[in-house]
2 protein chains.
Amino acid sequence: MEKLREGGFLITKIRQLSQQIFNNLLKDYNLNEISAAQGRVMFPLWQKDNISFQELKRKALLSKATLSYMLDKLEEAGHIKRIRSEEDKRTINIKLTKKNKVLQEKYFQVSNKMNEIFYKDFSEKEINEFEGYLRRLLDSLIQVSKENKLKNI
Amino acid sequence: MEKLREGGFLITKIRQLSQQIFNNLLKDYNLNEISAAQGRVMFPLWQKDNISFQELKRKALLSKATLSYMLDKLEEAGHIKRIRSEEDKRTINIKLTKKNKVLQEKYFQVSNKMNEIFYKDFSEKEINEFEGYLRRLLDSLIQVSKENKLKNI
DNA sequence: AGATATTTGTTCTATATCGAACGTTCTATA
DNA sequence: TATAGAACGTTCGATATAGAACAAATATCT
């Protein structure tokens, strides 16, 4: 009788709860205009503005269908602008708007608060170890995905 | 300058990839009729059949809205049956059908295969340590959710 | 140069998820 | 015992997600 592993289930549930708690925090901080998922799309842009669709897709680890949809939402809400490239007219670049830059700082506050909650029962050493595992696992899964030609990598 | 933590992002992405890989495995094993999410709902039932909506909700960690929706799907597909309780007519019990019991074994095969892939770069000791962290984290988040009266706990 | 193949981002369809509003049934209270 | 309140599961509306099909643009091959 093999030992029952449940990493997948645990991860799924942790993610669900975190998302809910995070969205709740956003509400508490009056950041209703932005969701956790939208934050994840903007995060790479906050680190480097004006990047290509492909780069953003890679950083946010989303399928192109999802990213396109999220960009629709963000553009409607006035957070980003799509800019068609001149050299290759198939491609677009994504730029933050001024409106967005105001949000950024507030979002970071929430993000920090979230990390506090997330790791409140963990020591520094444990966090490092845990995130080390997570990173190894993610890399390994990305590898598997590539081998199986899954699309959204 | 605070150290940048990214547990939330890592977890979200690990979960996304696992889900895709898992759904792909289900396809490979000709288990098209069931999805990863459906499996997660049936898993508690495989351990103990004929449990209440509330117990299943607790075990699967889903909101009642989502569970109701998933039960619709599973009932349509002939995997489960809702049974209205006689004592308390508000409540229902969930029962597996014969059809489902055939699936179960196949599903476990896929599940084991998934665990193999998931942990292929981890030693036994590391898996135990990692899942220990995950369980602690999940418990801690459940605690936070309760304190904030989030609904789907 | 022209034909074919590939790449890019969008759109369509389906799934899973949640919160809020709802009707039904049970419980407690006045 | 009648009624107000609570609990239960469903339904509705919205969000985030991916795969497949698509049109436009570019690259490759003969």
Side-chain angles (χ1 to χ4, degrees), chain A residues 12-13 15-24 26-27 32-42 52-58 60-77 82-94 145 148-153, chain B residues 12-13 15-24 26-27 32-42 52-58 60-77 82-94 145 148-153:
Chain A
T12 296
K13 292 308 154 183
R15 182 235 157 217
Q16 260 170 40
L17 288 184
S18 314
Q19 189 112 328
Q20 277 169 54
I21 294 170
F22 194 77
N23 280 328
N24 241 290
L26 286 172
K27 224 188 272 169
N32 277 7
E33 42 200 321
I34 190 178
S35 69
Q38 288 172 10
R40 274 196 300 278
V41 173
M42 291 192 305
S52 70
F53 185 97
Q54 290 300 321
E55 185 172 352
L56 186 51
K57 172 174 172 291
R58 212 165 41 245
L61 277 179
L62 293 171
S63 71
K64 57 188 183 171
T66 302
L67 182 53
S68 190
Y69 163 85
M70 291 302 287
L71 292 180
D72 284 351
K73 292 282 163 181
L74 290 171
E75 198 162 18
E76 271 168 37
R82 284 171 165 100
I83 308 211
R84 197 117 230 147
S85 159
E86 281 308 311
E87 297 101 57
D88 184 340
K89 282 177 187 148
R90 289 171 305 183
T91 69
I92 60 176
N93 278 23
I94 326 292
S145 294
N148 289 280
K149 301 203 174 37
L150 300 189
K151 295 289 174 51
N152 63 326
I153 291 299
Chain B
T12 295
K13 291 309 154 183
R15 182 236 156 217
Q16 260 171 41
L17 288 183
S18 315
Q19 188 111 328
Q20 276 170 55
I21 294 170
F22 194 77
N23 279 328
N24 242 290
L26 287 172
K27 224 188 271 170
N32 277 7
E33 41 201 320
I34 191 180
S35 70
Q38 289 173 9
R40 273 196 299 279
V41 174
M42 291 194 304
S52 72
F53 185 97
Q54 290 299 322
E55 185 172 352
L56 186 50
K57 171 173 173 291
R58 212 164 44 245
L61 278 179
L62 293 172
S63 71
K64 58 188 183 174
T66 302
L67 183 53
S68 189
Y69 162 86
M70 291 302 287
L71 292 181
D72 283 350
K73 293 281 164 182
L74 289 171
E75 197 161 20
E76 271 169 37
R82 284 170 164 100
I83 308 212
R84 197 115 232 148
S85 159
E86 282 307 311
E87 297 100 60
D88 185 341
K89 282 179 186 148
R90 289 171 306 181
T91 68
I92 60 175
N93 279 23
I94 325 291
S145 294
N148 287 280
K149 301 203 174 38
L150 300 189
K151 296 288 175 52
N152 63 325
I153 291 299

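Any value given below was found using the heavy atoms of this structure, including those in side chains, with hydrogens, waters and symmetry copies removed. Residue numbers start from 1 in every chain, and the chains themselves are labelled A, B, ... in the order their sequence lines are given, proteins ahead of strands. The model shown is predicted, which means the values in this text are computed figures rather than measured ones.
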Quickly work out the [X] [atom1] to [N] [atom2] distance and round it to whole Å.
X     : N      : atom1 : atom2 : result
A:K27 : C:dC18 : NZ    : P     : 14 Å
A:Q38 : D:dA14 : CD    : C1'   : 12 Å
B:L74 : C:dT17 : CG    : P     : 11 Å

Say whether, by atom type as modelled, one donor and one acceptor occur between the side chain of A:N23 and the main chain of A:A36 under 3.5 angstrom. yes

Using atom types as modelled and distance alone, determine if a side-chain donor or acceptor of B:R84 lies under 3.5 Å from a backbone N or O of B:K89. yes

Pairing partner of C:dG19, by Watson-Crick or G-U wobble and under 3.5 Å for both distances, is D:dC12

Nearest-nucleotide comparison on DNA chain D, the residue closer to the 5′ end among A:R15 and B:A65: B:A65

Among [options], find the nucleotide with the atom closest to the side chain of [X].
X     : options                : result
B:R90 : C:dC26, D:dA16, D:dA18 : C:dC26
B:Q20 : D:dT17, D:dA18, C:dC26 : D:dA18
B:K89 : C:dT25, D:dA16, C:dT17 : C:dT25
B:Y69 : D:dT17, C:dT17, D:dA25 : C:dT17
A:D88 : D:dA16, C:dA16, D:dA25 : D:dA25
B:L62 : C:dT7, C:dC18, D:dA16  : C:dC18

Assert: residue with more 5' nearest nucleotide on DNA chain C, out of B:T66 and A:I92, is A:I92

Pick from A:I94, A:T66, A:L56, A:I34: which one makes a side chain to side chain contact (heavy atoms under 4.5 Å, CB included) with A:V41? A:L56

With a non-hydrogen cut-off below 4.0 angstrom, is A:T91 in contact with a base, only sugar-phosphate, or nothing? sugar-phosphate

For A:K57 versus A:K64, what's the shortest heavy-atom pair and its separation? CE-N, 3.8 Å

